[in-house]
> 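This is the structure I want to talk about, given as structure tokens.
Here is how names work: the chains are called A, B, and so on, in the same order as the sequence lines, proteins then strands, and each is numbered from 1. This one's a predicted model, so the numbers in the text were calculated from it and none came from an experiment.
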Amino acid sequence: MTDEWPGWTVRRILVGLDASAPSAAALQAAVSLASRLHAELLAMYIEDENLARLAELPFAHELGAFSAQRRTLDPSYMDNLFKAQATRARHALQRSASAAELRWSFEIRRGSVARQLLLAAAEADLVVVGRSAIAHDLHTHIGSTARHLVDSAACAVLLTAADSLVSKPAVILFDGSEASLQALLVGARWYGDALSPLTIMLVQQGDGESGALEQRAREILGYEHVEARFVTCAAAGTFALVQALQGEDCGLLIVSTEALRSCGIDPLHVLQGIERPVLLIH
Amino acid sequence: MLTRELSPAQARRRTDPERWQFQTTAELEAQLDSLGQTRAVEAIKFGLGIDHEGYNIFALGPTGLGKHTVVQGYLEERAKGMRLPNDWCYVYNFDEPHKPWALELPAGMGAEFRDEMLQAGKDLLSTLAAAFESDEYQARQQALEQEYAERQAAALKAVQQAAEKDGIALLRTPAGLAFAPVRDGEVVSREEIEKLSAQEQDQLGKRIEELQEQLQKSLRQVPAWQREARERQRQLDSEVAAVTVKDIYDDLSYKYAWLQEVTAYLTAVRADIVKNPRQLLTPAEETSQAIELMFASASLDSAAGSSVLRRYQVNLLVDNGSRSGAPVVYVDNPTFENLVGRVEHVARMGALLTDFQLIKPGALHLANGGYLIMDARKLLQQTYAWEGLKRALQAHHIRIESVPQMLSAVSTVSLEPEPIPLDVKVAIVGERQLYYALHALDPDFAELFKVSADFEEVVDRTPDNELLFARLMASMVQNLGLLPFDRQAVAQVIEQAARMVGDSQRLSTHRRSIADVLIESNHFAQEAGQTTVSAIHVRQAIDAQMHRVDRMRERSYEAISRGTILIDTSGAQVGQINGLSVLQLGDLTFGRPSRITARVRLGKGEVLDIEREVELGGPIHSKGVLILTGFLGSRYAGLYPLSLSASLVFEQSYNGVEGDSASSAELYALLSAIAEVPIKQHLAVTGSVNQHGLVQAIGGVNEKIEGFFDVCKARGLTGDQGVLIPASNVQDLMLRPDVVDAIAAGEFHVYPVETIDQGIALLTGLEAGERAQDGSFPHGSVNHLVHQRLEDLAQRMHALTQGAKGSAT
């Protein structure tokens, strides 16, 4: 019966690495998914051109994140830092991918992190990055790179957080649209066998019956033999949705950007509002 | 004076079974007290009755007397009425983990306490996990984290916002944070900066420097904030844990409130849990975990949960819960560690690990409050075991340490369990020589073992004791699960018990030998399909015992019958006599005749002991020979010099001769040689002699008589063969039934002699001759002939001496 709702095939997964803690979580998630979907893993480390430029400036200094000590930055020092970080990222990738017996590749590029990832994403079906990885902006929940990917990537984007994806059940936004149907199928097929049932958050479009929406979702999940619990997001709008999501003790959020936008909700606002991992399906 | 030969009744003192009322041992009341051990039993009772330091017991006597059984029996009897000793446990010492605490609990409560602590530990884990997952805790923890995250973010944000006003962004570098001028989200390039005026560049640099200082201040606060956050987190954890601990351990604290040490321990447990509850839920790689991993497969109760719970568990060292009365412990292998206990180790990755759970009790722990029995020989064979026992008894406590620790030979960190007070009475069972050796060589011994229970190996053979012996047999038969012995069989065993000690007036109390006879007799009775053991079975068993070991005896007699060893059992010879000797080879003791010959010639009054000359004779034998010289000189040559030179030899003796039991035979041979009177070879002689010519008692008389009897019997008894024995040995006679039968039939004779004169008369058939008042002996008597010959020799010597002097002048 799966033919009725053709699946979305993931052959290549791109993961952006920088050897930081969020990036390690992204790598773990990417390896887990690649293993489950039998996909190839394309890993990329990008030497940030902004940092390279910074190192060339005459007054460039760095403060140790832990020691708070002031150090002079210069291009050769920065190059060394890039190389060390790339080496660590490659080793981490090699360990995880070999253990999962995956096909993998690792590439180092220099340039704008967002642009390079977007360019590479054209070749991939899914991009995985840490929510705040490769982020220069320190006080928001989502980094600038992630923001660019959400806005511009043609493929699906998985923004990971430090939490494990499977530690808590996934929550899927479903409004009955074709786009949200795709999110529902991905959730059911990728995470339907988790220990806890999926949570389907029904988002009402106009004056439709939530009962009918739930019925529709149940029908689809029934074909996939997946159990789920249903919650309804009563009010419309970003604030209501974020509040409803914050109220659920769930892990990964699976959502279609198209469906959000059709409800007049900016996906970035939702991402700003919650701190959990998010799988955005375009 | 005619010497009367012994009657069959004198040759073997019989026990008359007909005077007993019982038919078999099954009708007899078992003999509980060991037969003839009144002195030892009194000593044991005395030792048990005195409750003071040093009144430990040493039960001494040969092995096989049943010392162990008697000692254990009395100890167990007394232990029944004694107070049940307390249980002992080792628990974790939270202040000094390498010095585990010892806890004393009333008997039976140790196991209870151990189980309760184990259960409490399991409950603690689940309850603690639930508490830390509770909404209340999560909310408070998140609030705490939020507070500090916001404080940190606010500090950074302030700097960041200040920077943004001037077009400067805060960037994260691989190793830290940096400020850079930005335009449209991109860092301004070096070329663009260089396009700025020097003043502008300077201003920008200064501004960035200010921002860096601001950021530096903020970042430097972060560690302090983190410390504060951790401290508050710990406080929160402790607060939650305290509630959990109260819930779980309050009941235990209440239950054991009357036990001060247990209460103190429970308080320490609670404090330890509250101090760091997180370690219970996320145990670190530590020793205890490693140890539990080692035992995970072996432990039946691996449900004990997290390895960190080991420290809250109880090692029950001594459990007296299932006991009634005080313990009586026999330690079969009294090594140092088996006595004082040990700390075991597990090997992991090449390292040896241990903890208080691996402390194992020693026999002293198990016997504490009661009695400990061990064998002296085994104890002394074990390195430092005696030393360890003494130290514990002197110090009144048991300190578990290894031998190297005791000797200060190693200084590696190991467990030093708290010593446990010791109140035990020790009974050591051992041979006499060990007791005397310890007494002589170890000054502490007399202080620690003030009671010696000396076990007797013989008992007087009175009618009462014979009946007691029968009752002792009855109890042994019962304990060994043997067929009942009829009274004739009992009498036979009693006679054998007398034979064992070579004394018709006494009985052996050697339980092991008696038990062997009983078991083997039972075997023959069963083989014969009997339901009762009879005298014939006992005789069979005794004969079979002898047959099993008498290969050497048979070889020895075979050599005589084949003529390889020359022994005459008929005819008469001058200066030749059959002496009797005893050989002992392991369990086998047998007598054998030896030919002794004497030769005399003119000489200076010396008797040459050839055995001594070639160093085959022992000192006692040489002493006997010298006594002969004294006898000869005083009796026959009082008024003139003893002018003979005699030589004495044990013919065909190649293994040495010791003892003086052949001295009378040697004297007879010598007298025969001097008087030139032949000695009857159908007689054999044993007995020592003194300078007055009195024949004295010797050992092994039964075996010696039987030895000559067997040789004669092999050649055919002639009816005149027999043995001369000292009269004082008559009471020792317990001859074999076949010898007694031969005596009864007049085929063999045993003559008790008191003096040399009696003996020489029997051996030569001539009168010995009593000295008259004028100093002369009756003509034709042996003494007369000896005297005459010696006088003749003296005159010849004198003539020779005078002649020599004349020719010299």
> Does atom CD (Q69(A)) have a neighbourhood of more than 12 heavy atoms from anything else shown, all under 6.0 Å?
no
> How many angstroms lie between CD in E192(B) and CG in L57(A), if you round to the nearest 0.5 Å?
10.0 Å
> Hey, is CD on E231(B) packed in by over 12 heavy atoms from elsewhere, all under 6.0 Å?
yes
> Might you work through the salt bridge (Lys or Arg N to Asp or Glu O under 4.0 Å) test for R53(A) and E186(B), ending with a clear yes or no?
CA-CA 9 Å; R53(A) 266 204 298 277; E186(B) 301 289 327; 2.9 Å; yes
> Quick check: closest heavy atoms across E62(A) and G176(B), and the distance to 0.1 Å?
OE2-N, 3.4 Å
> Quick one: do the R70(A) and Q216(B) side chains pair a donor with an acceptor below 3.5 Å?
no
> Does some side-chain heavy atom of P174(B) sit less than 4.5 Å from a side-chain heavy atom of L51(A)?
yes
> Given the options G205(B), A180(B), A175(B), which has more heavy-atom pairs under 4.5 Å with chain A than any of the others?
A175(B)
> Let me confirm one number: the OG1-OH distance from T173(B) to Y77(A), rounded to the nearest 0.5 Å.
6.5 Å
> Can you measure from CZ (R172(B)) to CG (D48(A)) and round to the nearest 0.5 angstrom?
12.5 Å
> What part of L215(B) gets within 4.5 angstrom of chain A, counting heavy atoms only: side chain, backbone, both, or neither?
both
> Roughly how far apart are Q201(B) CD and F59(A) CZ, rounded to 0.5 Å?
7.5 Å
> Is the CZ atom of R110(A) crowded by more than 12 outside heavy atoms at less than 6.0 Å?
yes
> Is chain A contacted by the side chain of V188(B), its backbone, both, or neither, given a heavy-atom distance below 4.5 Å?
backbone
> How long is the gap from OG on S189(B) to CG on L54(A), to the nearest 0.5 Å?
12.5 Å
> Measuring only between side-chain heavy atoms, which start at C-beta, is P58(A) closer than 4.5 Å to E194(B)?
no
